[in-house]
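Below is one structure, written out as C-alpha coordinates; the observations come after it.
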There are 2 protein chains.
Amino acid sequence: MDMTRTKLKEAALRLFGQKGYDGTALSEIAKEVGVKTPAIYAFFESKEDLFMSVFEESMSVYNEYIQAMAETSKGMSTEKKLHALLVRQYDFHRNKRELAVFAFRYLLFPPDFLLDRMQEAFGRFDTMLSDIIREIMQEGLERGELAVVPIENLVDSYLTLMDGLSIQYYYYQSPELFERKLKHAFEMFWRSVSA
Amino acid sequence: MDMTRTKLKEAALRLFGQKGYDGTALSEIAKEVGVKTPAIYAFFESKEDLFMSVFEESMSVYNEYIQAMAETSKGMSTEKKLHALLVRQYDFHRNKRELAVFAFRYLLFPPDFLLDRMQEAFGRFDTMLSDIIREIMQEGLERGELAVVPIENLVDSYLTLMDGLSIQYYYYQSPELFERKLKHAFEMFWRSVSA
DNA sequence: ATCTACTTAATTAACGTTAATTAAAACAGG
DNA sequence: CCTGTTTTAATTAACGTTAATTAAGTAGAT
(Lines give C-alpha, C1' and ligand atoms only; values in the text may rest on other atoms or scores of the structure.)
Protein backbone atom coordinates (compact mmCIF):
# COMPACT_ATOMS: atom_id res chain seq x y z
CA MET A 1 0.00 0.00 0.00
CA ASP A 2 1.01 3.53 -0.65
CA MET A 3 2.96 2.01 -3.48
CA THR A 4 2.32 4.92 -5.77
CA ARG A 5 3.36 7.47 -3.19
CA THR A 6 6.67 5.72 -2.73
CA LYS A 7 7.24 5.36 -6.44
CA LEU A 8 6.47 9.02 -6.97
CA LYS A 9 9.09 9.97 -4.44
CA GLU A 10 11.63 7.67 -6.02
CA ALA A 11 11.02 9.10 -9.47
CA ALA A 12 11.11 12.63 -8.07
CA LEU A 13 14.40 11.95 -6.33
CA ARG A 14 15.96 10.80 -9.56
CA LEU A 15 14.53 13.46 -11.83
CA PHE A 16 14.96 16.41 -9.49
CA GLY A 17 18.52 15.29 -8.92
CA GLN A 18 19.24 14.89 -12.59
CA LYS A 19 17.45 17.82 -14.16
CA GLY A 20 16.82 20.20 -11.31
CA TYR A 21 13.62 21.49 -9.74
CA ASP A 22 12.61 23.86 -12.51
CA GLY A 23 13.82 21.48 -15.19
CA THR A 24 11.54 18.68 -14.04
CA ALA A 25 7.86 18.71 -14.92
CA LEU A 26 5.37 16.87 -12.76
CA SER A 27 4.19 15.17 -15.92
CA GLU A 28 7.58 13.47 -16.28
CA ILE A 29 7.45 12.21 -12.75
CA ALA A 30 3.93 10.94 -13.24
CA LYS A 31 4.86 9.27 -16.51
CA GLU A 32 7.73 7.35 -14.92
CA VAL A 33 5.32 5.96 -12.37
CA GLY A 34 2.69 5.20 -14.98
CA VAL A 35 0.07 7.57 -13.70
CA LYS A 36 -1.49 10.84 -14.89
CA THR A 37 -0.17 14.11 -13.54
CA PRO A 38 -3.09 15.08 -11.31
CA ALA A 39 -2.76 11.81 -9.44
CA ILE A 40 0.21 13.37 -7.71
CA TYR A 41 -2.18 15.69 -5.93
CA ALA A 42 -3.76 12.76 -4.15
CA PHE A 43 -0.53 12.47 -2.18
CA PHE A 44 1.15 15.85 -2.24
CA GLU A 45 -0.22 19.34 -1.94
CA SER A 46 1.96 20.83 -4.60
CA LYS A 47 5.16 20.41 -6.54
CA GLU A 48 7.00 22.19 -3.78
CA ASP A 49 5.47 19.85 -1.23
CA LEU A 50 6.59 16.80 -3.19
CA PHE A 51 10.05 18.24 -3.47
CA MET A 52 10.23 19.05 0.23
CA SER A 53 9.07 15.57 1.09
CA VAL A 54 11.86 14.07 -1.01
CA PHE A 55 14.28 16.57 0.40
CA GLU A 56 13.44 15.84 4.05
CA GLU A 57 13.77 12.15 3.54
CA SER A 58 17.05 12.43 1.74
CA MET A 59 18.43 14.69 4.47
CA SER A 60 17.38 12.17 7.03
CA VAL A 61 19.14 9.35 5.18
CA TYR A 62 22.18 11.53 4.75
CA ASN A 63 22.07 12.23 8.45
CA GLU A 64 22.01 8.55 9.35
CA TYR A 65 24.88 7.99 7.00
CA ILE A 66 27.00 10.55 8.79
CA GLN A 67 25.98 9.21 12.18
CA ALA A 68 26.92 5.74 11.08
CA MET A 69 30.35 7.02 10.20
CA ALA A 70 31.05 7.66 13.84
CA GLU A 71 30.19 4.05 14.64
CA THR A 72 31.95 2.36 11.74
CA SER A 73 35.29 3.43 12.92
CA LYS A 74 35.20 2.21 16.51
CA GLY A 75 38.14 0.15 17.61
CA MET A 76 40.43 0.63 14.67
CA SER A 77 43.77 2.31 14.36
CA THR A 78 43.59 5.96 13.43
CA GLU A 79 44.83 5.25 9.96
CA LYS A 80 42.20 2.58 9.39
CA LYS A 81 39.50 4.85 10.75
CA LEU A 82 40.37 7.71 8.49
CA HIS A 83 40.55 5.40 5.54
CA ALA A 84 37.31 3.66 6.43
CA LEU A 85 35.47 6.98 6.45
CA LEU A 86 36.54 7.73 2.92
CA VAL A 87 35.52 4.29 1.80
CA ARG A 88 32.16 4.77 3.41
CA GLN A 89 31.69 8.01 1.57
CA TYR A 90 32.61 6.19 -1.61
CA ASP A 91 30.11 3.44 -0.92
CA PHE A 92 27.44 5.99 -0.30
CA HIS A 93 28.01 7.55 -3.69
CA ARG A 94 28.09 4.13 -5.27
CA ASN A 95 25.13 2.48 -3.67
CA LYS A 96 22.90 5.45 -3.17
CA ARG A 97 23.97 7.32 -6.25
CA GLU A 98 20.61 8.97 -6.88
CA LEU A 99 20.38 10.19 -3.35
CA ALA A 100 23.95 11.40 -3.42
CA VAL A 101 23.41 13.32 -6.63
CA PHE A 102 20.24 14.88 -5.26
CA ALA A 103 21.90 15.90 -2.01
CA PHE A 104 24.97 17.19 -3.78
CA ARG A 105 22.94 19.31 -6.17
CA TYR A 106 20.73 20.93 -3.57
CA LEU A 107 23.44 21.38 -0.99
CA LEU A 108 25.26 23.44 -3.58
CA PHE A 109 22.38 24.99 -5.48
CA PRO A 110 19.19 25.08 -3.47
CA PRO A 111 16.13 26.69 -5.04
CA ASP A 112 15.11 29.95 -3.42
CA PHE A 113 12.38 28.51 -1.23
CA LEU A 114 14.90 26.09 0.28
CA LEU A 115 17.75 28.42 0.99
CA ASP A 116 17.22 28.97 4.71
CA ARG A 117 16.40 25.39 5.55
CA MET A 118 19.29 24.22 3.44
CA GLN A 119 21.82 26.46 5.09
CA GLU A 120 20.68 25.31 8.46
CA ALA A 121 20.85 21.64 7.43
CA PHE A 122 24.23 22.12 5.90
CA GLY A 123 25.56 23.84 8.99
CA ARG A 124 24.38 20.92 11.10
CA PHE A 125 26.04 18.32 8.91
CA ASP A 126 29.20 20.28 8.76
CA THR A 127 29.35 20.54 12.54
CA MET A 128 28.54 16.87 13.03
CA LEU A 129 31.18 15.78 10.62
CA SER A 130 33.78 18.15 12.01
CA ASP A 131 33.09 16.83 15.48
CA ILE A 132 33.48 13.24 14.39
CA ILE A 133 36.75 13.97 12.65
CA ARG A 134 38.05 16.07 15.50
CA GLU A 135 37.38 13.27 17.94
CA ILE A 136 39.25 10.78 15.80
CA MET A 137 42.17 13.15 15.45
CA GLN A 138 42.15 13.89 19.17
CA GLU A 139 42.36 10.23 19.99
CA GLY A 140 45.02 9.71 17.34
CA LEU A 141 47.13 12.42 18.89
CA GLU A 142 46.74 10.95 22.35
CA ARG A 143 47.70 7.53 21.12
CA GLY A 144 50.71 9.01 19.39
CA GLU A 145 49.57 7.79 15.99
CA LEU A 146 49.49 11.28 14.54
CA ALA A 147 52.13 13.89 14.00
CA VAL A 148 52.14 16.67 16.55
CA VAL A 149 50.34 19.31 14.56
CA PRO A 150 47.54 21.67 15.61
CA ILE A 151 44.35 19.66 15.59
CA GLU A 152 42.48 22.17 13.46
CA ASN A 153 45.02 21.61 10.72
CA LEU A 154 44.30 17.93 10.84
CA VAL A 155 40.56 18.42 10.76
CA ASP A 156 40.54 21.07 8.05
CA SER A 157 42.80 19.18 5.73
CA TYR A 158 40.84 15.97 6.13
CA LEU A 159 37.57 17.74 5.42
CA THR A 160 39.12 19.29 2.35
CA LEU A 161 40.15 15.83 1.25
CA MET A 162 36.60 14.56 1.66
CA ASP A 163 35.17 17.47 -0.30
CA GLY A 164 37.70 17.03 -3.07
CA LEU A 165 36.92 13.37 -3.39
CA SER A 166 33.20 13.97 -3.42
CA ILE A 167 33.53 16.29 -6.42
CA GLN A 168 35.70 13.80 -8.21
CA TYR A 169 33.36 11.06 -7.40
CA TYR A 170 30.59 12.97 -8.95
CA TYR A 171 32.58 13.46 -12.15
CA TYR A 172 34.69 10.44 -12.79
CA GLN A 173 32.06 7.82 -12.53
CA SER A 174 34.39 5.03 -13.49
CA PRO A 175 35.13 3.06 -10.33
CA GLU A 176 38.68 2.23 -11.35
CA LEU A 177 39.60 5.84 -11.88
CA PHE A 178 37.99 6.89 -8.66
CA GLU A 179 39.53 4.13 -6.65
CA ARG A 180 42.93 5.19 -7.91
CA LYS A 181 42.28 8.79 -6.94
CA LEU A 182 41.09 7.72 -3.52
CA LYS A 183 44.13 5.56 -3.00
CA HIS A 184 46.57 8.23 -4.10
CA ALA A 185 44.91 11.02 -2.19
CA PHE A 186 44.70 9.01 0.98
CA GLU A 187 48.27 7.75 0.80
CA MET A 188 49.53 11.30 0.50
CA PHE A 189 47.21 12.52 3.21
CA TRP A 190 48.38 9.86 5.54
CA ARG A 191 52.04 10.72 4.86
CA SER A 192 51.27 14.24 6.04
CA VAL A 193 49.54 13.35 9.27
CA SER A 194 51.15 10.16 10.44
CA ALA A 195 53.58 10.35 13.33
CA MET B 1 27.97 51.06 -28.09
CA ASP B 2 26.48 47.62 -27.80
CA MET B 3 25.94 48.64 -24.22
CA THR B 4 22.71 46.72 -23.93
CA ARG B 5 24.14 43.54 -25.35
CA THR B 6 26.92 43.60 -22.79
CA LYS B 7 24.58 44.36 -19.93
CA LEU B 8 22.29 41.54 -21.00
CA LYS B 9 25.16 39.11 -20.89
CA GLU B 10 26.23 40.36 -17.48
CA ALA B 11 22.76 40.00 -16.06
CA ALA B 12 22.40 36.60 -17.68
CA LEU B 13 25.70 35.45 -16.20
CA ARG B 14 24.57 36.43 -12.73
CA LEU B 15 21.03 35.11 -12.94
CA PHE B 16 21.78 31.87 -14.76
CA GLY B 17 24.54 31.27 -12.24
CA GLN B 18 22.34 32.00 -9.27
CA LYS B 19 19.03 30.46 -10.24
CA GLY B 20 19.83 28.08 -13.05
CA TYR B 21 18.79 27.99 -16.67
CA ASP B 22 15.23 26.86 -16.17
CA GLY B 23 14.84 28.98 -13.07
CA THR B 24 15.65 32.20 -14.87
CA ALA B 25 13.04 33.87 -17.06
CA LEU B 26 14.10 36.13 -19.88
CA SER B 27 11.83 38.74 -18.34
CA GLU B 28 14.04 38.88 -15.24
CA ILE B 29 17.14 39.38 -17.31
CA ALA B 30 15.45 42.10 -19.31
CA LYS B 31 14.17 43.77 -16.18
CA GLU B 32 17.64 43.97 -14.65
CA VAL B 33 18.85 45.75 -17.74
CA GLY B 34 15.84 48.03 -17.86
CA VAL B 35 14.46 46.79 -21.14
CA LYS B 36 11.45 44.78 -22.26
CA THR B 37 11.81 41.07 -22.90
CA PRO B 38 11.57 41.10 -26.72
CA ALA B 39 14.49 43.52 -26.91
CA ILE B 40 16.68 40.53 -26.14
CA TYR B 41 15.85 39.16 -29.56
CA ALA B 42 17.59 42.08 -31.21
CA PHE B 43 20.85 40.55 -29.99
CA PHE B 44 20.27 36.88 -29.46
CA GLU B 45 18.32 34.32 -31.43
CA SER B 46 16.86 32.56 -28.45
CA LYS B 47 17.23 31.95 -24.74
CA GLU B 48 19.51 29.07 -25.55
CA ASP B 49 21.60 31.30 -27.78
CA LEU B 50 21.97 33.89 -25.03
CA PHE B 51 22.95 31.19 -22.60
CA MET B 52 25.46 29.71 -25.00
CA SER B 53 26.95 33.10 -25.65
CA VAL B 54 27.47 33.64 -21.92
CA PHE B 55 28.74 30.12 -21.59
CA GLU B 56 31.30 30.39 -24.38
CA GLU B 57 32.65 33.61 -22.99
CA SER B 58 32.93 32.30 -19.49
CA MET B 59 34.71 29.18 -20.69
CA SER B 60 37.13 31.35 -22.56
CA VAL B 61 37.85 33.45 -19.47
CA TYR B 62 38.21 30.29 -17.44
CA ASN B 63 40.60 28.98 -20.02
CA GLU B 64 42.78 32.07 -19.85
CA TYR B 65 42.78 31.80 -16.11
CA ILE B 66 44.11 28.27 -16.23
CA GLN B 67 46.67 29.19 -18.88
CA ALA B 68 47.82 32.07 -16.74
CA MET B 69 48.42 29.63 -13.92
CA ALA B 70 51.20 28.02 -15.87
CA GLU B 71 52.90 31.42 -16.25
CA THR B 72 52.39 32.74 -12.75
CA SER B 73 54.53 30.13 -11.24
CA LYS B 74 57.68 30.49 -13.35
CA GLY B 75 60.91 30.82 -11.44
CA MET B 76 59.70 30.03 -7.96
CA SER B 77 60.50 27.17 -5.65
CA THR B 78 58.16 24.24 -5.95
CA GLU B 79 56.53 25.05 -2.65
CA LYS B 80 55.87 28.62 -3.69
CA LYS B 81 54.51 27.52 -7.03
CA LEU B 82 52.07 25.08 -5.55
CA HIS B 83 50.96 27.65 -3.05
CA ALA B 84 50.68 30.37 -5.66
CA LEU B 85 48.33 28.24 -7.73
CA LEU B 86 45.94 27.85 -4.83
CA VAL B 87 46.04 31.55 -4.15
CA ARG B 88 45.28 32.21 -7.78
CA GLN B 89 42.31 29.93 -7.63
CA TYR B 90 41.20 31.80 -4.54
CA ASP B 91 41.57 35.16 -6.26
CA PHE B 92 39.55 33.93 -9.17
CA HIS B 93 36.67 32.99 -6.91
CA ARG B 94 36.99 36.28 -5.10
CA ASN B 95 37.32 38.69 -7.97
CA LYS B 96 35.24 36.92 -10.57
CA ARG B 97 32.73 35.43 -8.20
CA GLU B 98 29.81 35.54 -10.62
CA LEU B 99 31.79 33.85 -13.31
CA ALA B 100 33.11 31.28 -10.88
CA VAL B 101 29.63 30.46 -9.65
CA PHE B 102 28.35 30.16 -13.19
CA ALA B 103 31.20 27.92 -14.27
CA PHE B 104 30.94 25.82 -11.13
CA ARG B 105 27.23 25.29 -11.57
CA TYR B 106 27.34 24.26 -15.21
CA LEU B 107 30.46 22.18 -14.93
CA LEU B 108 28.61 20.13 -12.35
CA PHE B 109 25.05 20.37 -13.60
CA PRO B 110 24.85 21.23 -17.28
CA PRO B 111 21.42 21.43 -18.88
CA ASP B 112 20.73 18.65 -21.37
CA PHE B 113 21.55 20.66 -24.47
CA LEU B 114 24.98 21.42 -23.07
CA LEU B 115 26.01 18.01 -21.89
CA ASP B 116 28.27 17.01 -24.77
CA ARG B 117 29.97 20.34 -25.14
CA MET B 118 30.40 20.58 -21.42
CA GLN B 119 32.00 17.20 -21.06
CA GLU B 120 34.40 18.03 -23.82
CA ALA B 121 35.27 21.39 -22.25
CA PHE B 122 35.67 19.84 -18.86
CA GLY B 123 37.93 17.13 -20.23
CA ARG B 124 40.13 19.76 -21.84
CA PHE B 125 40.46 21.81 -18.65
CA ASP B 126 41.15 18.75 -16.63
CA THR B 127 43.92 17.68 -18.98
CA MET B 128 45.42 21.17 -19.13
CA LEU B 129 45.46 21.47 -15.39
CA SER B 130 46.83 17.99 -14.85
CA ASP B 131 49.61 18.73 -17.32
CA ILE B 132 50.54 21.94 -15.57
CA ILE B 133 50.62 20.25 -12.19
CA ARG B 134 52.51 17.27 -13.48
CA GLU B 135 55.15 19.51 -14.95
CA ILE B 136 55.61 21.35 -11.69
CA MET B 137 55.86 18.08 -9.79
CA GLN B 138 58.28 16.66 -12.32
CA GLU B 139 60.57 19.64 -11.92
CA GLY B 140 60.21 19.52 -8.16
CA LEU B 141 61.29 15.91 -8.16
CA GLU B 142 64.27 16.65 -10.35
CA ARG B 143 65.32 19.51 -8.13
CA GLY B 144 65.00 17.29 -5.10
CA GLU B 145 62.39 19.55 -3.54
CA LEU B 146 59.81 16.80 -3.40
CA ALA B 147 59.67 13.49 -1.65
CA VAL B 148 60.37 10.51 -3.84
CA VAL B 149 56.84 9.35 -4.45
CA PRO B 150 55.15 8.26 -7.69
CA ILE B 151 54.34 11.38 -9.64
CA GLU B 152 50.71 10.42 -10.18
CA ASN B 153 50.24 10.40 -6.42
CA LEU B 154 51.53 13.92 -6.26
CA VAL B 155 49.31 15.10 -9.09
CA ASP B 156 46.17 13.34 -7.93
CA SER B 157 46.42 14.50 -4.37
CA TYR B 158 47.07 18.08 -5.43
CA LEU B 159 44.08 18.07 -7.76
CA THR B 160 41.96 16.67 -4.97
CA LEU B 161 43.16 19.50 -2.78
CA MET B 162 42.15 22.05 -5.41
CA ASP B 163 38.72 20.50 -5.82
CA GLY B 164 38.17 20.39 -2.10
CA LEU B 165 39.07 24.02 -1.71
CA SER B 166 36.87 25.08 -4.57
CA ILE B 167 33.83 23.51 -2.89
CA GLN B 168 34.69 25.14 0.37
CA TYR B 169 35.25 28.39 -1.33
CA TYR B 170 31.84 28.21 -2.77
CA TYR B 171 30.29 27.62 0.65
CA TYR B 172 32.19 29.48 3.25
CA GLN B 173 32.11 32.86 1.69
CA SER B 174 33.81 34.54 4.62
CA PRO B 175 37.39 35.30 3.53
CA GLU B 176 38.84 34.74 7.00
CA LEU B 177 37.39 31.27 7.28
CA PHE B 178 38.48 30.35 3.82
CA GLU B 179 41.97 31.71 4.24
CA ARG B 180 42.32 29.62 7.34
CA LYS B 181 41.18 26.51 5.49
CA LEU B 182 43.56 27.25 2.65
CA LYS B 183 46.45 27.75 5.02
CA HIS B 184 45.77 24.58 6.97
CA ALA B 185 45.12 22.44 3.95
CA PHE B 186 48.23 23.64 2.17
CA GLU B 187 50.48 23.27 5.20
CA MET B 188 49.39 19.69 5.58
CA PHE B 189 49.68 19.01 1.89
CA TRP B 190 53.18 20.38 1.84
CA ARG B 191 54.19 18.21 4.78
CA SER B 192 53.18 15.19 2.74
CA VAL B 193 55.03 16.03 -0.44
CA SER B 194 58.12 17.93 0.69
CA ALA B 195 61.43 16.13 0.61
C1' DA C 1 -22.87 2.63 -0.52
C1' DT C 2 -18.92 4.70 0.42
C1' DC C 3 -14.12 5.40 0.26
C1' DT C 4 -9.76 5.18 -2.29
C1' DA C 5 -7.04 5.77 -6.13
C1' DC C 6 -7.18 7.32 -9.68
C1' DT C 7 -8.87 9.60 -14.65
C1' DT C 8 -10.50 13.21 -17.86
C1' DA C 9 -11.38 17.77 -18.56
C1' DA C 10 -10.87 22.45 -17.57
C1' DT C 11 -8.53 26.66 -15.70
C1' DT C 12 -5.00 29.78 -15.06
C1' DA C 13 -0.62 31.72 -15.36
C1' DA C 14 3.85 32.05 -17.15
C1' DC C 15 7.12 31.82 -20.59
C1' DG C 16 9.44 31.88 -25.02
C1' DT C 17 8.77 33.77 -29.20
C1' DT C 18 6.95 36.47 -33.34
C1' DA C 19 4.82 40.40 -35.62
C1' DA C 20 3.90 45.02 -36.31
C1' DT C 21 5.32 49.38 -35.35
C1' DT C 22 8.01 53.51 -34.08
C1' DA C 23 11.77 56.62 -32.88
C1' DA C 24 16.10 57.68 -33.53
C1' DA C 25 20.59 57.25 -35.45
C1' DA C 26 23.67 56.51 -39.51
C1' DC C 27 24.28 57.13 -44.16
C1' DA C 28 24.24 58.50 -49.16
C1' DG C 29 23.55 61.68 -53.03
C1' DG C 30 22.67 66.15 -54.86
C1' DC D 1 24.24 70.90 -45.53
C1' DC D 2 20.03 69.31 -46.22
C1' DT D 3 16.96 65.36 -47.66
C1' DG D 4 15.38 60.90 -48.43
C1' DT D 5 16.52 56.06 -47.34
C1' DT D 6 17.99 52.45 -44.60
C1' DT D 7 19.42 50.27 -40.10
C1' DT D 8 19.28 49.70 -35.39
C1' DA D 9 17.18 49.39 -30.95
C1' DA D 10 13.53 49.25 -28.95
C1' DT D 11 8.30 49.05 -27.86
C1' DT D 12 3.45 47.07 -27.53
C1' DA D 13 0.47 43.40 -28.56
C1' DA D 14 -0.45 38.94 -29.30
C1' DC D 15 0.29 33.77 -30.18
C1' DG D 16 1.15 29.05 -29.02
C1' DT D 17 2.71 26.00 -25.61
C1' DT D 18 3.42 24.12 -21.54
C1' DA D 19 3.10 23.63 -16.70
C1' DA D 20 0.82 23.64 -12.27
C1' DT D 21 -3.30 23.28 -10.26
C1' DT D 22 -8.43 22.36 -9.52
C1' DA D 23 -13.01 20.24 -10.38
C1' DA D 24 -15.74 16.69 -11.49
C1' DG D 25 -16.34 12.09 -12.50
C1' DT D 26 -15.50 6.79 -12.41
C1' DA D 27 -14.24 2.00 -11.39
C1' DG D 28 -13.22 -1.15 -8.05
C1' DA D 29 -12.39 -2.81 -3.18
C1' DT D 30 -14.41 -2.82 1.64
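Here is how names work: the chains are called A, B, and so on, in the same order as the sequence lines, proteins then strands, and each is numbered from 1.
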Requested in this report: Check whether any side-chain nitrogen or oxygen of B/Ser27 sits under 4.0 Å from OP1 or OP2 of C/dG16, and answer yes or no.
Outcome: no
Query raised in the report: 5'-most contact on DNA chain D: A/Glu45 or A/Glu28, nearest heavy atom basis?
Result: A/Glu28
Requested in this report: Give the rounded distance in Å between these two atoms: CD1 of A/Ile29 and C1' of D/dT21.
Outcome: 14 Å
Report task. Would you mind telling me which residue lines up with the more 5' stretch of DNA chain D, B/Ala42 or A/Thr24, judged by nearest nucleotide? Result -> B/Ala42
Requested in this report: Indicate, with yes or no, if the rings of A/Phe125 and A/Phe122 have centres closer together than 6.0 Å.
Outcome: no
**Report entry** Spacing of A/Lys36 atom NZ relative to C/dT7 atom P, expressed in whole Å
**Finding:** 6 Å
Query raised in the report: At under 4.0 Å, does any side-chain N or O of A/Thr37 touch on OP1 or OP2 of D/dA19?
Result: no
Report task. Rounded to the nearest angstrom, tell me the gap between atom OH in A/Tyr41 and atom P in D/dA19. Result -> 12 Å
Query raised in the report: Can you list the steps and then say if B/Glu142 with B/Gln138 is a side-chain hydrogen bond (donor to acceptor under 3.5 Å, both in side chains)?
Result: CA-CA 6 Å; B/Glu142 283 160 11; B/Gln138 186 63 53; 3.2 Å; yes
Query raised in the report: Just by distance, do the side chain of B/Tyr158 and the backbone of B/Leu82 share a donor-acceptor pair under 3.5 Å?
Result: yes
Report task. Figure out the CZ/C1' separation between A/Phe16 and D/dA20, and round it to whole Å. Result -> 12 Å
Query - Rounded distance in Å - CZ (A/Arg5) to P (C/dT4) - result: 15 Å
Query raised in the report: Can you check the B/Lys19 NZ to C/dA14 C1' distance for me, whole Å?
Result: 13 Å
Requested in this report: Ignoring hydrogens and angles, state whether a donor on the side chain of B/Glu48 or B/Tyr21 is under 3.5 Å from an acceptor on the partner side chain.
Outcome: no
Query - Nucleotide of C/dG16, C/dT18, D/dT21 approaching B/Pro38 most closely (side-chain heavy atoms) - result: C/dT18
